[in-house]
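Heads up: the structure comes next, in structure tokens.
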Amino acid sequence: MSKEKPSIPKGTRDFGPAVVVKRNYIFSIIRSTFQKFGYLPLETPAMEQLSVLTGKYGDEGDQLIFKILNSGDYLGKTTPADIEQGSKHLIRKISEKALRYDLTVPFARFVVMNRNEITFPFKRYQIQPVWRADRPQKGRYREFYQCDADVVGTNSLLCEAEIVQMIDEVLTTLGLTDFTIKINHRGVLAGIAEAIGEKGREGDICVAIDKLDKIGKEGVRKELLERGISEDAVSKLEPLYTLEGNNQELLQQLQTILGNTEEGQRGLKDLNDVWSYLDNLSSNALTTANPSGNPRLQLDVTLARGLSYYTGCIFEVKVNNVSMGSISGGGRYDNLTGMFGLPGVSGVGFSFGVDRIYDVLEELDLFPVSAQLSTKVLIVQFDKESELYALPLLQKLRDAGISSELYPEAAKLKKQMGYADQKNIPFVLLVGSEEMESGKVKLRDMQTGEQDELYIDDIIAQLKDIA
RNA sequence: GUGGUUGUAGCUCAGUUGGUUAGAGCACCAGAUUGUGAUUCUGGGGGUCGUGGGUUCGAGACCCAUCUUCCACCCCA
């Protein structure tokens, strides 16, 4: 056995106790919000049939799917001719399974397989890791958690409105105050394409427009021309980048621009409906302004999302003034289950990227202290007798719901105190011969250094108050 | 997938045109202190310099390959 230094694959991470505790804090807020809106949990396998995943994310996406080699002699059934035909052909021969790339497609697969047992509309949430063979960089990992909430089996735009509500609630509860929920509509994008005389080319137009922030108006112009959009059309498009006014005014301006296009009409009607729902829900996303003065929900005609299955509203969420890509995104897909032979089931959903939210909260120092504590009380012992004496006390503390532990051996005080310090345990109970005689134990507040001699019942009452 | 970048002690990093036994701070362990952590003082352990080849009398340093890190594209949570 050669001793090699162990390592983990590129783009993956271990999560130590301190990190997991903080991640769980995020998960619990997301989970309880989803449940509050009537979504129920679902879990699916880490691996899917490769055929379930391929073709759902576009060519780019297909390349980022982690494939799993067949078990056993995976080359057994291949011939030299197969190899000559190239990797695309060969993959089908040597790999039948793959790690899931997102949670939406497995969800659609689940819906189709269980269509007879499911009561529609079906609302589910799912919190599991996904894998992408992307090249890692900041906020981009090869294994990361997504927290999806989707509803299928209804066209109602109330679902879109509720998605906005949930995003707003989760981020607010996490302590974020400056974020923007961008919304747009595939119909609006198609309508724009038609209105500028490039009907059906919205795909190319979207990819280019999406980079507006990064490469600017001239960069986008160049890219559009390269993609074969006419100069005339580009000139007609450019005024849209700088539309001004609040959301309502934007919608009105778009009405005059897209009024005659069927797709544009559809998009505008949907967006208006979403606003109307949010209005009647008195949504904070409309009423609460960011420090910049704009409301959190913002119509953005330059928002274009890559996943090819979106057909209606699309969302993306950006935390302002931090160096991080979008932390959440989603949209409506009319025909995702159609790919699995079940047409006519419309769905809408979105996803939180927990790993990115974690990085943002860390950068903004927004994790509350309560999300960082583990044990509340450490009982320090001096010898075998004090250990025996401490056991009932320990049980009493735990029965009272106070997370506590007894240092498992009579180590030097310095060591035991250091343990409490390291673990960020706020209180230490000292149990030794003096205490056993008086029946009172010493309670030390590790933050202030103050010590009191108290009866255990008083200590429990005091600590429960603080909790 | 394309172009760049990084790797030296547990962590953050020094290390000169290639030249004796590879350093610092922090962390860790022990003692000063036999009932008190985060401050102070003293001492100590810990590295086949990411890995594998090559050039050289001699490589942490130069060359090649490979893995890894971070960044920009592409795309995306």
Side-chain angles (χ1 to χ4, degrees), chain A residues 2-13 16 26 30 57-65 87 100-104 127-148 167 206-208 210-211 214-215 219 223 304-308 314-319 323-330 349-360 378-383 386 407 410-436 441-451 453:
Chain A
S2 65
K3 50 178 174 180
E4 61 182 84
K5 277 185 185 164
S7 64
I8 55 175
K10 184 201 288 226
T12 65
R13 298 148 300 157
I26 302 176
I30 293 176
Y57 311 105
D59 285 343
E60 294 270 0
D62 282 357
Q63 288 181 342
L64 299 180
I65 294 171
S87 52
R100 62 166 169 257
Y101 178 88
D102 70 356
L103 301 178
T104 308
I127 299 179
Q128 291 188 277
V130 303
W131 294 268
R132 296 184 187 177
D134 220 340
R135 202 177 275 199
Q137 42 181 284
K138 178 164 189 178
R140 175 179 294 190
Y141 309 101
R142 288 186 149 182
E143 177 185 63
F144 61 97
Y145 266 83
Q146 286 197 331
C147 307
D148 267 42
I167 293 172
C206 286
V207 172
D210 197 37
K211 297 177 195 161
K214 235 179 231 172
I215 60 181
E223 174 136 3
R305 290 182 53 76
L307 289 182
S308 49
I314 46 184
F315 308 96
E316 194 162 284
V317 182
K318 178 91 179 62
V319 178
S323 55
M324 179 60 70
S326 63
I327 57 166
S328 175
F350 75 108
S351 179
F352 284 114
V354 175
D355 304 83
R356 287 189 174 180
I357 292 175
Y358 181 96
D359 289 348
V360 167
L378 174 76
I379 306 181
V380 161
Q381 58 160 313
F382 293 87
D383 46 38
S386 70
Y407 197 88
K412 285 192 176 162
L413 261 209
K414 187 181 165 80
K415 179 149 182 152
Q416 298 190 55
M417 299 296 286
Y419 177 81
D421 192 41
Q422 276 293 311
K423 250 184 121 170
N424 209 7
I425 298 174
F427 296 99
V428 165
L429 232 52
L430 293 118
V431 179
S433 51
E434 294 169 22
E435 288 77 10
M436 284 154 68
V441 288
K442 278 208 185 90
L443 174 70
R444 180 178 176 87
D445 183 326
M446 291 296 277
Q447 221 130 50
T448 62
E450 285 169 27
Q451 275 183 197
E453 236 174 294

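Just so it is clear: chains get the letters A, B, ... in the order the sequence lines come, proteins before strands, and each one is counted from 1. Owing to the predicted nature of the structure, the values given are computational and were not obtained by experimental measurement.
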| request: Select base, sugar-phosphate, or nothing to describe what A:S7 touches, counting heavy atoms under 4.0 Å on all strands. | output: nothing
| query | Which part of the nucleic acid does A:Q416 contact within heavy-atom distance under 4.0 Å: base, sugar-phosphate only, or nothing? | reply | nothing
| note | Which of A:L443, A:D421, A:V380 passes side-chain contact (heavy atoms from CB on, under 4.5 Å) with A:V428? It is A:V380
| Interatomic distance, A:L429 atom CG to A:Q451 atom CD [nearest 0.5 angstrom] | 10.5 Å
| Atom P, compared across B:rC73 and B:rU56: separation rounded to whole Å | 44 Å
| query | When you compare B:rU8 with B:rG15, how far apart are their P atoms, in angstrom units rounded to a whole number? | reply | 14 Å
| said: Mind checking if A:E435 touches a base, just sugar-phosphate, or nothing, with heavy atoms under 4.0 Å? | reply: base
| Rounded to the Å, how far apart are A:E60 CD and B:rA77 P? | 13 Å
| In this structure, are over 12 heavy atoms from other groups packed under 6.0 Å from A:K415 atom NZ? | no
| What about A:R135: does its side chain form a donor-acceptor pair under 3.5 Å with the base of B:rU2? | yes
| query | What are the two closest non-hydrogen atoms of A:Q416 and A:Q381, and how far apart are they? | reply | NE2-O, 2.8 Å
| task | Using only side-chain N and O atoms of A:K415, determine if any of them is under 4.0 Å from OP1 or OP2 of B:rU36. | result | no
| note | Per atom distances to the A:M417 side chain, the nearest of B:rC74, B:rG35, B:rU36 is B:rU36
| Do the ring planes of A:Y419 and A:Y407 sit parallel (below 30°), tilted (30 to 60°) or perpendicular (above 60°)? | perpendicular
| query | Touch check for A:S326, heavy atoms < 4.0 angstrom, all strands: base, sugar-phosphate only, or nothing? | reply | sugar-phosphate
| Hey, does A:Y419 reach any base, or is it just sugar-phosphate, or nothing, if we go heavy atoms under 4.0 Å? | nothing
| said: At less than 4.0 Å, is any side-chain N or O atom of A:K10 found next to OP1 or OP2 of B:rU68? Yes or no. | reply: yes
| message | Taking B:rA14 as the reference, what is the distance to B:rA22 when you measure between their C1' atoms (whole Å, please)? | response | 11 Å
| From the list B:rC28, B:rG35, B:rA38, which nucleotide is the closest neighbour of the side chain of A:K414? | B:rA38
| said: Please give the distance between the P atoms of B:rA9 and B:rU51 as a whole number of Å. | reply: 10 Å
| query | A:G11 or A:Y145: which one's nearest nucleotide on RNA chain B is closer to the 5' end? | reply | A:G11
| request: Give a yes/no on whether any side-chain N or O of A:K412 is located under 4.0 angstrom from OP1 or OP2 of B:rG31. | output: yes
| message | If I compare all heavy atoms of A:W131 with all of A:E143, which pair ends up nearest, and what's the gap? | response | NE1-OE2, 2.9 Å
| said: Between A:F350 and A:D148, is there a side-chain heavy-atom distance shorter than 4.5 Å? | reply: no
| query | According to a strict under-4.0 Å criterion, is A:K214 in side-chain N/O contact with OP1 or OP2 of B:rC73? | reply | yes
| With sequence neighbours excluded, residues passing ring pair (Phe, Tyr, Trp, His ring centres under 6.0 Å) with A:Y358 | A:F367
| request: Starting from Watson-Crick (N1-N3 plus N6-O4 or O6-N4) and G-U wobble pairs under 3.5 Å, report the runs of at least three that RNA chain B belongs to. | output: B:1-4 with B:70-73, B:10-13 with B:23-26, B:28-32 with B:40-44, B:50-54 with B:62-66
| message | Rounded to the nearest 0.5 Å, what separates atom OG in A:S328 from atom CZ in A:R356? | response | 11.0 Å
| query | If you look at every strand shown and take non-hydrogen atoms under 4.0 Å, does A:G139 touch a base, only sugar-phosphate, or nothing? | reply | base
| said: Categorize A:Q451 for me: base, sugar-phosphate, or nothing, with a 4.0 angstrom heavy-atom threshold over every strand shown. | reply: base
| note | Quick note, A:S433 side chain, CB onward, closest among B:rA38, B:rG35, B:rC71 is B:rG35
| said: So if I take every side-chain heavy atom of A:R444 and compare against B:rG35, B:rG37, B:rC74, which nucleotide ends up nearest? | reply: B:rG37
| request: Quick one: label A:G418 by what it contacts on the DNA or RNA (base, sugar-phosphate, nothing), any heavy atom closer than 4.0 Å. | output: sugar-phosphate
| request: Identify which nucleotide among B:rC74, B:rA38, B:rG35 has an atom closest to any side-chain atom of A:D421, counting heavy atoms from C-beta outward. | output: B:rA38
| request: May I ask you to say what A:Q137 touches in the nucleic acid, namely base, sugar-phosphate or nothing, with a heavy-atom cut-off under 4.0 Å? | output: base
| query | Is A:S386 reaching over with its side chain to a backbone N or O of A:F382, donor-acceptor style, under 3.5 angstrom? | reply | yes
| message | For the P atoms, the ones on B:rC70 and on B:rG7, what distance do you get once it is rounded to whole angstrom? | response | 14 Å
| query | With stacking defined as ring centroids separated by under 5.5 Å and planes differing by under 30°, is A:F144 stacked against B:rA77? | reply | yes
| Atom-to-atom span, CG of A:L429 to P of B:rU36 - whole angstrom | 17 Å
| task | Scan A:L430 against the nucleic acid and name what it touches under 4.0 Å (heavy atoms): base, sugar-phosphate only, or nothing. | result | base
| remark: When A:F382 and A:V354 are each assigned the nearest nucleotide of RNA chain B, the 5'-most assignment goes to A:F382
| query | Looking at A:K211, does any N or O in its side chain come under 4.0 Å of the phosphate oxygens OP1/OP2 on B:rC73? | reply | no
| said: Once you apply a heavy-atom cut-off of 4.0 Å, does A:G449 come out as touching a base, just sugar-phosphate, or nothing? | reply: base
| Quick one: which of B:rU36, B:rA77, B:rC75 gets closest to the side chain of A:V207? | B:rC75
